[in-house]
Student: 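Got a structure for you, questions after.
Just so we're on the same page: letters track the sequence lines, and every chain starts at 1. Given the structure is predicted, the values throughout are model-derived calculations rather than measurements.
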2 protein chains.
Amino acid sequence: MSDLVARLRRHQWRMTPQRRVIAEMLDGAHVHYTADEILERACEHMPEISRATVYNTLNEMVALGEVAELNFDGRSKRYDPNVDHDHHHLICDGCGTTRDVHTTADPLDGLPGDERHGFTVTEASITFRGRCPDCVDAG
Amino acid sequence: MSDLVARLRRHQWRMTPQRRVIAEMLDGAHVHYTADEILERACEHMPEISRATVYNTLNEMVALGEVAELNFDGRSKRYDPNVDHDHHHLICDGCGTTRDVHTTADPLDGLPGDERHGFTVTEASITFRGRCPDCVDAG
DNA sequence: TCTTTCATTAGACAGAGTCTAAGATAGGAT
DNA sequence: ATCCTATCTTAGACTCTGTCTAATGAAAGA
Ligand SMILES: [Mn+2]
Ligand SMILES: [Mn+2]
Ligand SMILES: [Zn+2]
Ligand SMILES: [Zn+2]
């Protein structure tokens, strides 16, 4: 039983085979998939699962606060189950692969009071960009 | 003559009335517009300008490195002419207002080698989020 | 088992952005 | 000044990502 499935049960969420496949795929992943990648992999276990169910399920997980929705490039959203671990993201400009990374410093400490323009600042997230090993090799 | 138009000329970029209108609109902007906002405002000066030209022009400016493409919300991309000033962004969760901000530390320094997963990392940008003075007051 | 309520599905729809191919034009050549 | 050609602009079709609808299916409690 995956940790994410357990957390979702606690929300009195009706468990179905489709939801279980999606939750088990997300659980523990430090690479964040798009909805279509999740659909493609889910189809290997459950060929008749629909695109609508994948989107419905992901949106419900986000609404329950158990999964975070990421969007860096204006293309596909990616889904991140690691909501309880404070971290940032490293993205490949070639293929869009998105990984969790951990930094030594809190970026909020680098924003002086006179740069806050009167805002109440609650969150800071860093997006690192570059080329993954595969995309560097491919030129 | 706007500064951005001057910079674009240096790239041997053919100057047309359409491109000039778009460049002059971006130049010096403190808010970052979407393509549709740019189209709408360009139509006030040049009613026959097309959507394709706005997208073509913005994409070319980005390719030339004179404009940056931003995407915070997963909806429309926004275009930022301030590429020569290294900066980050502060976004109001209430109204979406986006401000340029400057930090004391380079976030790249906070990513250790063993957190780079074999990537060649070239860039780091911070997205700060919170409530602007207006939205804090409004509850 | 029965029932109710909620989930799943296919496909239509929508928004943002890209592509195509035909006509127009910037800017160099003469 | 005019011509020429490579490049730009345009309308609208198209793609991609994601949402919605309404008919069918199934989880879970009685
Ligand atoms: Mn993550
Ligand atoms: Mn900016
Ligand atoms: Zn890559
Ligand atoms: Zn605000």
Side-chain angles (χ1 to χ4, degrees), chain A residues 1 5-6 8-25 32-43 45-64 66-80 91 95-96 98, chain B residues 1 5-6 8-23 25 32-43 45-64 66-80 96:
Chain A
M1 160 86 68
V5 169
L8 290 165
R9 274 195 182 290
R10 272 178 232 131
H11 292 277
Q12 275 114 24
W13 204 48
R14 184 180 287 186
M15 191 52 58
T16 67
Q18 291 87 346
R19 288 175 170 185
R20 183 184 305 278
V21 164
I22 294 168
E24 287 179 347
M25 184 171 313
H32 302 324
Y33 299 110
T34 65
D36 273 346
E37 286 166 351
I38 290 165
L39 173 60
E40 190 176 354
R41 296 185 58 196
C43 280
H45 299 268
M46 182 176 278
E48 73 285 5
I49 192 172
S50 78
R51 217 163 62 95
T53 295
V54 171
Y55 277 105
N56 288 344
T57 299
L58 292 169
N59 286 340
E60 283 153 14
M61 289 173 174
V62 170
L64 293 173
E66 298 294 353
V67 166
E69 199 174 64
L70 307 177
N71 188 267
F72 297 116
D73 57 2
R75 285 177 296 179
S76 309
K77 292 176 185 171
R78 289 174 181 271
Y79 294 88
D80 183 347
I91 299 153
C95 64
T98 300
Chain B
M1 161 85 70
V5 170
L8 291 164
R9 275 195 180 291
R10 271 179 232 130
H11 291 278
Q12 275 115 22
W13 204 47
R14 185 180 285 186
M15 190 50 59
T16 66
Q18 292 88 345
R19 289 175 170 186
R20 184 185 304 278
V21 164
I22 294 169
M25 185 171 313
H32 303 320
Y33 298 110
T34 65
D36 273 345
E37 286 166 352
I38 290 166
L39 173 60
E40 190 176 354
R41 296 186 58 196
C43 280
H45 299 268
M46 181 176 279
E48 73 285 4
I49 191 172
S50 79
R51 215 163 66 94
T53 295
V54 171
Y55 277 106
N56 288 343
T57 299
L58 291 169
N59 286 340
E60 284 154 12
M61 289 173 174
V62 170
L64 293 172
E66 298 294 354
V67 166
E69 202 173 63
L70 306 178
N71 188 267
F72 297 119
D73 57 2
R75 285 177 294 179
S76 309
K77 291 176 185 171
R78 291 176 178 272
Y79 293 88
D80 181 347

Student: Strictly distance-based, threshold 3.5 Å: is any side-chain N or O of B/R9 a donor or acceptor partner for the main-chain N or O of B/M15?
Tutor: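 Between the backbone of B/M15 and the side chain of B/R9 there is no qualifying donor-acceptor contact (under 3.5 Å).
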Student: Which heavy atom of B/A42 sits nearest a heavy atom of B/M25, and at what distance?
Tutor: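 Looking at all heavy atoms of both residues, the closest pair is N-CE, 3.7 Å.
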Student: Could you pick out which residue, B/Y79 or A/N56, lies toward the 5' side of DNA chain C when each is mapped onto its nearest nucleotide?
Tutor: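 Between the two, 5'-proximity favours A/N56.
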Student: Dump the pairs, protein N or O against N or O of nucleotides 11-17 of chain D, anything under 3.5 Å, distances to one decimal.
Tutor:
from   : atom 1 : to    : atom 2 : distance (Å)
D/dT17 : OP1    : A/S76 : OG     : 3.4

Student: Expressed in angstrom and rounded to an integer, what is the separation of B/Q18 atom CD from D/dT7 atom P?
Tutor: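 B/Q18 atom CD is separated from D/dT7 atom P by 18 Å.
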Student: Ignoring backbone atoms, test whether A/N59 places a side-chain nitrogen or oxygen under 4.0 Å from the OP1 or OP2 oxygen of D/dT19.
Tutor: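 So the side-chain polar atoms of A/N59 do come within 4.0 Å of the phosphate oxygens OP1 or OP2 of D/dT19, strictly under.
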Student: Tell me, please, which residues at least two apart from B/T53 pass side-chain hydrogen bond (donor to acceptor under 3.5 Å, both in side chains).
Tutor: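 Once residues adjacent in sequence are excluded, the partners of B/T53 under the side-chain hydrogen bond (donor to acceptor under 3.5 Å, both in side chains) criterion are B/S50.
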Student: Kindly compute the distance separating OG1 (A/T34) from NZ (A/K77), expressed to the nearest 0.5 Å.
Tutor: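 A/T34 OG1 to A/K77 NZ: 12.5 Å, rounded to 0.5 Å.
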Student: Specify the separation, in whole Å, of atom CZ of B/R20 and atom P of D/dC8.
Tutor: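 Nearest whole value for this atom pair: 15 Å.
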Student: Please report the end-to-end axis angle for the helix from C/dT1-D/dA30 to C/dT30-D/dA1, five pairs per end, rounded to 10 degrees.
Tutor: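 Comparing the first five pairs with the last five, the axes sit 30° apart.
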Student: Tell me, please, the opening and closing nucleotides of DNA chain C, 5' to 3', among those with an atom under 4.0 angstrom from a non-hydrogen atom of chain B.
Tutor: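 Listing 5' to 3', DNA chain C meets chain B from C/dA16 to C/dG27.
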Student: Show every salt bridge (Lys or Arg N to Asp or Glu O under 4.0 Å) that has at least one partner inside residues 53-63 of chain A, sequence neighbours left out.
Tutor: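 Counting only pairs at least two positions apart or across chains, the salt bridge (Lys or Arg N to Asp or Glu O under 4.0 Å) contacts touching residues 53-63 of chain A are A/R19-A/E60.
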Student: Summarise protein proximity over nucleotides 22-30 of chain D in one line of letters, 5' to 3': B for base, S for sugar-phosphate only, - for none, counting protein heavy atoms closer than 4.0 Å.
Tutor: -----BS--
Student: In Å and rounded to the nearest 0.5 Å, what is the CD1 to OG1 distance from B/I49 to B/T16?
Tutor: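 Going from CD1 on B/I49 over to OG1 on B/T16, the span is 7.5 Å.
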Student: Taking atom NE2 of A/H32 and atom CD1 of A/I38, what is their separation to the nearest 0.5 Å?
Tutor: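 Rounded to the nearest 0.5 Å, the NE2-CD1 separation comes out at 11.0 Å.
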Student: Just verifying a value: how many Å separate B/L39 CG and B/I22 CD1, rounded to the nearest 0.5 Å?
Tutor: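 Between atom CG of B/L39 and atom CD1 of B/I22 there are 8.5 Å.
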Student: So do the side chains of B/L58 and B/V62 get within less than 4.5 Å of each other, counting heavy atoms only?
Tutor: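 With C-beta onward as the side chain, the pair stays apart.
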Student: Quick one: pull up CG in B/L64 and NE2 in B/H11 and give me the separation to the nearest 0.5 Å.
Tutor: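 One gets 5.0 Å once the value is rounded to the nearest 0.5 Å.
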Student: Would you say the side chain of B/Q18 lies within less than 4.5 Å of the side chain of B/R20, judging by non-hydrogen atoms?
Tutor: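 When only atoms from C-beta onward are counted, B/Q18 and B/R20 do not touch, as no gap falls below 4.5 Å.
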Student: From CG of A/L70 over to C1' of D/dG18, roughly how many Å is that when rounded to an integer?
Tutor: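 Rounded to the whole Å, the gap is 16 Å.
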Student: So do A/R78 and A/F72 actually touch side chain to side chain, heavy atoms under 4.5 Å?
Tutor: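 A side-chain contact under 4.5 Å is absent here.
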Student: Do B/E69 and B/N59 come close enough that some side-chain heavy atom pair is under 4.5 Å?
Tutor: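 Yes, close enough: below the 4.5 Å cut-off.
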